[in-house]
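Structure first, then comments.
Every chain is numbered from 1, with letters handed out A, B, ... down the list of sequences. All heavy atoms count here, side chains included; hydrogens, waters and symmetry mates do not.
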Amino acid sequence: MVRVVLPAHLRTLARVSGEVTLDLESPVTPRTVLDALEARYPMLRGTIRDHVTHTRRPFIRFFACEQDLSHESSDAPLPDTVASGAEPFLIIGAMAGG
Amino acid sequence: MSRVRVLVGTKKGAFILTSDGARKRWTVDGPHFAGWELYHLKGSPADPNRLYASQTSSWFGQVIQRSDDGGKTWSPPGTKPEDLMGTDGMPNGASNMFVYDASAETGKPLTTHQHYDGTQRPWEFKRVWHLEPSLTDPDTVYAGVEDAAMFRSSDGGKTWKELPGLRSAKGHLWQPGAGGMCLHTILLDRSQPDRMFIAISAAGAFRTDDAGKTWRPINQGLKSQYELPDPDAEVGHCVHSIAMHPSRPNVLFMQKHWDVLRSDDAGGSWHEISGNLPSDFGFPIAVHAHEPETVYVVPIKSDSEHYPPDGKLRVYRSRTGGNEWEALTKGLPQQDCYVNVLRDAMAVDSLESCGLYIGTTGGQVYVSADGGDSWNPIVRDLPAVLSVEVQTL
């Protein structure tokens, strides 16, 4: 089980409160997390990454385990603690946005 | 008695202001989509409870919202359970998917436009500036976007397809204005359903007579001596807004970057009607609901000083189709006022005594229930107002 923390505006858009949990098979990567997230909440498509290219939007950051994973490959496995649900995968609006 | 519903888009959310026909007592509902920029909201003439909204954010990009109950509830089109999956099993979620047409079937769509510095840049979608619902079909709606292009949805906003013929109208010479390269005005002609007018900053005005397949620039008579190397260029002019009276669609009024103009031949040619305005720079322009020769503008001091001349917020009215203008000041701030009224932030209702509405970058929305003679604030302290539309119910 992967725990995903969304920014407040995306929680509103997806009509969820608190963390989102996703059941994913190994390997868990940013891509598999976002694929599953968008499959469950299609209104989030295009708000985190581009519809077509899947490029991360410039003002979105990915954090986990006190690390900035924004520039890691979207196919790089996430830390085991994220894959196991011990630590959440944080989707963050950059401080410069808004 | 009829009612009015005013749809206000601001830098930090949308507000819906409602009143009976007297337009004296108002109910304020909002913010909807709090924290997001609402560039534009508009109701369907064919179904007043069908509303469309453009919601954007530098963080999360574009979202399209739709209401089917007059603004009480909203959702992105295509995200109801029955809409969720496409034929490939993936979620649709395409209501915010604006992809420029580059298919072979459309010929050779242009892939670059002029940038500020004169170099060519690829088209890049940024946001929807304007949503224009069809006059007859609630599920058909047009979107004017930045970088400038026009999209159409015929399924209530679930999916969008570009009308690429527009960018073929010398798109390589279009360039951004200060607000970006945006398609901000869409006028539909009730008498000729295949005819539409649009305006782009900074490209000019364009017309289609075949429902958007082909377009031609309609900028003859526009002069931009301080903005373009050729002041009479066919495209490249910074048109800020155009307006028409539905009963007389061949007559168009334009607020350009500088100059207020008029066309009597559906944009075939334009002539200046700035007359005695204190400044002919401005953003919105509107036509009285029942008097096709009565026109309204809000003069702004200059292209760098985006506030009213002399610190006085004045709407100017011409009852002669231009050239002769009178200042409308009663109820509007007449000292120390340095707000702007943006291009989509003036609207008219169609009650017997025509109402006017303006929204300011200072967060005020003013109403006049007597054609502009006197004004009152509906609200004073909203976030900066980006757009104002009104529905007469």
| note | In terms of heavy-atom contacts, B/Lys12 and B/Pro31 come closest through O-CB, 4.4 Å
| message | Is A/Pro7 in contact with chain B via its backbone, its side chain, both, or neither, using a 4.5 Å heavy-atom distance? | response | side chain
| query | With a 4.0 Å cut-off, would you call B/Asp147 and B/Arg121 a salt bridge? | reply | no
| task | Check each atom of B/Glu37 against the heavy atoms of chain A and say whether the ones under 4.5 Å are side chain, backbone, both or neither. | result | neither
| task | With the side chain counted from C-beta on, respond yes when A/Leu22 and A/Arg40 share a heavy-atom pair under 4.5 Å apart, and no when they do not. | result | yes
| request: With a 4.5 angstrom heavy-atom cut-off, could you sort out which part of A/Arg15 is near chain B: side chain, backbone, both or neither? | output: side chain
| request: Would you kindly say whether B/Arg50 and B/Ser44 are connected by a side-chain donor-acceptor distance under 3.5 Å? | output: no
| remark: So, the part of A/Leu44 with a heavy atom under 4.5 Å from chain B: the answer is neither
